[in-house]
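Read the structure below first, then the notes.
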Amino acid sequence: MNLFAEIRDLVVDCLAAMQSEGTLPGGLDFGNVSVEPPRDAGHGDMATNAAMVLARPAGLKPRDIAQALAERMAGDPRIAAVEVAGPGFLNLRLAPTVWQGVLASILAEGEAFGRSDMGRGQKVNVEYVSANPTGPLHVGHTRGAVFGDALASLLAYCGHDVTREYYINDGGAQVDVLARSVYLRYLEALGREVAFEDGTYPGDYLIPLGKQLADKVGNAWVGQPEAVWLAEAREFSTGAMMDLIRSDLAALGIRMDVFFSERSLYGTGRIEAAIDALRARGLIYRGVLEPPKGKVPEDWEPREQTLFKSTEHGDDVDRPIMKSDGGWTYFAPDIAYHYDKICRGFDALIDVFGADHGGYVKRMKAAVSALGDGRVPLDIKLTQLVKLWKDGEPFKMSKRAGTFVTLRDVVDQVGPDATRFHMLTRKNDAPLDFDFARVLEQSRENPVFYVQYAHARVMSVLRKAAEAGIAADDATLAGAELARIDDGAELAVARKLAEWPRLVEIAARTHEPHRVAFYLYELAGDFHALWNRGNDQPGLRFLQEGDIATSQAKLALARAVSVVISAGLGILGVTPAQEMR
RNA sequence: GGUCCCGUAGCUCAGCUGGAUAGAGUGUUCGCCUCCGAAGCGAAAGGCCACAGGUUCGAAUCCUGUCGGGACCGCCA
């Protein structure tokens with residue numbers, strides 16, 4: 001139930017009635033008419049711009065339309081007051097019964113209260129993490145993982161049919177490097193002296209793999225050329241790394257629906273098929289690219305290559321898909337992978353990349369635009385860097401120095417809930433500070449704590465009610481005498497709760513799950529404020545001694561807050577706290 | 001040189017398909033626990049929304065340009 005949508009319907013109905021009685025000309029487009037919460041609460045509960053948007057097409061003065069509309073709207077029982085303001089805004093004040101009705105809906109619908117069906121019938125693919133299978137996930141991956149997962153949940157909450165997907169980059173040279181590195185650990189496990197040169201991964205996490213290989217194949221590979229062992233070592237190593245990555249993700253509470261292997265595209269004709277699809281659209285040609293302007297590499301020389309005419313679909317230059325040695329560039333399997341997604345029938349694609357991949361956005365969009373003939377939108381969300389802080393000092397990560405902070409390190413130290421919430425306290429394209437101490441701090445400064453605390457407070461007061469023998473299950477509370485909720489501070493919380501369905505839709509439409517986190521912080525703030533007023537005004541406390549009916553009405557409000565917080569945290573993948581310990 | 005992202009209060013950041021006097025937290029100043037719900041609450045101060053043009057009833061938001069910060073930039077993945 002979206003109250004803003006309901007009131008907008010009312011506005012549109014009134015406008016239509018004005019048309020049929022001749023106050024407004026026919027043939028107007030109401031598409032731009034909106035009903036929104038005003039910035040300033042002093043302006044009322046909602047405001048509509050109807051009069052201003054329609055003034056010009058209707059050939060009337062905004063304030064005249066507003067006045068007529070106001071008179072008509074005033075007749076609706078949901079409208080307590082309506083006034084024309086500013087250049088032609090209509091400020092609406094809703095009857096307390098409306099807010100009380102919101103509380104009843106929340107208790108009746110539970111966490112389905114904010115659900116939307118905007119995505120009904122829409123198959124959406126969200127690809128995220130997609131880290132190379134060459135090592136454990138680190139902090140940077142964590143942000144992309146949490147962001148992608150929350151976005152996927154958000155879309156699912158809005159009725160989309162969501163597939164969570166991970167693209168395994170197991171087709172390129174880096175997995176050969178992995179295999180060689182593991183081979184060295186294998187030799188080491190058999191007591192040989194080995195040296196890790198440049199171009200191998202020296203990480204300790206490969207030591208157990210070397211041992212396992214030694215147990216498995218014994219001395220068979222010692223002194224043998226790569227042709228003997230490389231393929232099998234690669235298979236074994238990437239498999240083990242993906243197991244590691246899967247368990248890292250599980251520690252964060254993330255489970256993918258699909259792991260898609262890049263390797264599965266090779267030797268199966270699937271890359272060729274994707275390129276053929278581009279060729280059929282006249283987008284593949286042989287040609288020579290201009291050197292990059294400004295910064296010309298020293299060893300630049302013009303070469304004829306097989307190119308994708310991505311400029312036809314918004315890219316800045318055409319992109320090579322085949323190397324001069326005849327092999328595919330990395331871009332070719334990426335094209336084939338996205339072609340595969342299109343062929344699987346998704347209505348929309350979302351890729352979550354690290355900000356360092358910003359350079360690939362245009363070409364990837366070009367490929368999808370070409371292969372989907374413009375019908376399948378691809379949104380690419382970039383997650384900015386995570387800056388680590390420890391003890392108030394910036395913490396530099398370095399693989400060489402061994403100060404490499406993994407996803408596992410973070411989750412082990414602060415837990416999955418705090419990790420996830422904190423990763424969403426910034427917009428995806430803004431850099432994020434992650435301070436280990438800060439994230440665990442119990443203060444208002446820490447949104448993780450502050451939101452959890454609000455939920456725990458509701459749970460606490462419900463437990464108190466039970467101790468006092470007051471029935472406080474959802475069904476009972478839904479039938480409480482909600483008219484007793486009439487204080488301004490209480491109605492302010494109800495008003496905030498009413499915004500939830502609208503916020504969910506905006507967050508889903510813009511692909512911005514951080515909005516949920518910010519909303520929860522604000523809602524928690526409103527709730528804490530009300531709670532604290534109970535200090536000075538005992539009449540605002542949730543439990544009213546000797547007055548079960550009023551207690552139940554107030555408990556209904558508290559419970560509604562916890563339902564929405566719980567729904568919101570659920571989208572973010574965070575468990576609501578039952579108590580603060 | 002090009003592309004993308006960012007520039008909002010001292011600091012860290014929100015800001016709704018363009019809406020009214022631009023908001024939070026923190027910090028600063030002031031008030032609130034002998035008792036009942038203070039890991040908190042209330043109030044005040046704090047702004048050329050980087051700059052300059054443009055679009056229109058109306059711009060922090062959209063367009064163009066300039067300045068500043070970051071990321072990326074031909075066969076590597």
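The shown structure was predicted, so the numbers you read here are calculated from the model rather than taken from an experiment. Note on naming: letters A, B, ... go to the chains in the order of the sequence lines (proteins, then strands), and numbering restarts at 1 for each one.
Taking only side-chain atoms of A:Asn132, from C-beta outward, the nucleotide of B:A77, B:G74, B:U3 with the closest atom is B:A77. When the nucleotides B:A77, B:A39, B:C72 are ranked by their closest atom to the side chain of A:Ala173, B:A77 comes out on top. The side chain of A:Tyr330 approaches B:C76 more closely than any other nucleotide in the set B:C76, B:A71, B:U26.
Rounding to whole angstrom units, NE2 of residue A:His528 and P of B:C32 are separated by 23 Å. Between the P atom of B:A77 and the OH atom of A:Tyr201 lies a distance of 10 Å, rounded to the nearest Å. When the P atom of B:C4 is taken as reference, atom CD of A:Gln384 falls 15 Å away, rounded to whole Å. For A:Leu178 and B:C76, the CG to P distance is 19 Å, given to the nearest whole Å. Whole-Å rounding puts the A:Phe542 CZ to B:C36 C1' distance at 16 Å. Rounded to an integer number of Å, the gap from CZ of A:Phe527 to P of B:C41 is 12 Å. When the P atom of B:A39 is taken as reference, atom OH of A:Tyr453 falls 5 Å away, rounded to whole Å. Rounded to an integer number of Å, the gap from CD of A:Gln537 to P of B:C36 is 18 Å.
Position along RNA chain B of the nearest nucleotide to A:Lys362 versus A:Leu540 favours A:Lys362 as the more 5'-ward residue.
A:Arg515 and A:Tyr519 share no donor-acceptor pair across their side chains, judged by distance under 3.5 Å alone. For the residue pair A:Asn446/A:His422, the side-chain donor-acceptor check at 3.5 Å is not satisfied. Using a 3.5 Å distance cut-off with no hydrogens or angles, the side chains of A:Thr383 and A:Asn428 do not pair a donor with an acceptor. Judged by distance alone, the side chains of A:Asp170 and A:Thr238 never bring a donor and an acceptor atom under 3.5 Å apart. A:Ser460 and A:Arg463 form no side-chain donor-acceptor contact under 3.5 Å, judged by distance and modelled atom types alone.
Atom name P, nucleotides B:C49 and B:A22: the rounded distance is 10 Å, in whole Å. Nucleotides B:U3 and B:U12, compared at atom P, are 29 Å apart to the nearest Å. B:G18 and B:A59: their C1' atoms are spaced 6 Å apart (whole Å). Comparing the same atom, C1', in B:G74 and in B:U17 gives a spacing of 39 Å after rounding to whole Å. B:C33 and B:U28 have their C1' atoms separated by 23 Å, given to the nearest Å. Straight-line distance between the P atoms of B:G2 and B:C41: roughly 50 Å, to the nearest whole Å. The separation of B:U61 from B:A50, taken at their P atoms, amounts to 8 Å, rounded to a whole angstrom. B:C30 and B:A39: their P atoms are spaced 22 Å apart (whole Å).
Dashed line: the shortest gap from a side-chain N or O of A:Tyr450 to OP1 or OP2 of B:C41 is under 4.0 Å.
Between A:Lys496 and A:Glu522 there is a salt bridge, since at least one side-chain N of the basic residue sits less than 4.0 Å from a carboxylate O of the acidic one. A salt bridge does not link A:Glu467 to A:Lys464: none of the charged nitrogens lies less than 4.0 Å from a carboxylate oxygen.
Because its glycosidic torsion is within 90° of 0, B:C33 is reported here as syn.
Distance alone, capped at 3.5 Å, is enough to place a donor-acceptor pair between the A:Gln544 side chain and the A:Pro538 backbone.
Helical stems involving RNA chain B, defined as 3 or more consecutive Watson-Crick or G-U pairs under 3.5 Å, span B:1-7 with B:67-73, B:10-13 with B:23-26, B:28-32 with B:40-44, B:50-54 with B:62-66.
In this structure, A:Arg502 satisfies the cation-pi test against A:Phe4, with its NZ or CZ atom closer than 6.0 Å to the six-membered ring centre and inside 45 degrees of the ring normal.
Among the atoms of the strands shown, only primed sugar atoms or phosphate atoms (P, OP1, OP2) are found under 4.0 Å from some heavy atom of A:Tyr521. Residue contacts shown for A:Gln174 are limited to sugar-phosphate atoms, with no base heavy atom under 4.0 Å away.
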Protein N or O to nucleotides 12-21 of chain B N or O, pairs below 3.5 Å:
from, atom 1, to, atom 2, distance (Å)
B:U12, O2', A:Arg426, NH2, 2.6
B:C13, O5', A:Arg426, NE, 3.4
B:A14, OP1, A:Lys427, N, 3.2
B:G15, OP1, A:His514, NE2, 3.1
B:G15, OP2, A:Lys427, NZ, 3.4
B:C16, O2, A:Arg502, NH1, 2.5
B:C16, O2, A:Arg502, NH2, 2.7
B:U17, OP1, A:Arg509, NH2, 2.4
B:U17, OP2, A:Arg509, NH2, 3.4
B:A20, OP1, A:Arg39, NH1, 2.9
B:A20, OP2, A:Arg39, NE, 3.4
B:A20, OP2, A:Arg39, NH1, 2.9
B:A20, N6, A:Asn91, OD1, 2.4
B:A20, N1, A:Asn91, OD1, 2.9
B:A20, N1, A:Asn91, ND2, 3.0

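Evaluation of the side chain to side chain donor-acceptor pair (under 3.5 Å) rule for A:Arg8 yields no partner, not counting sequence neighbours.
Ring centroids of A:Phe527 and A:Phe542 are separated by less than 6.0 Å, placing the two rings close together.
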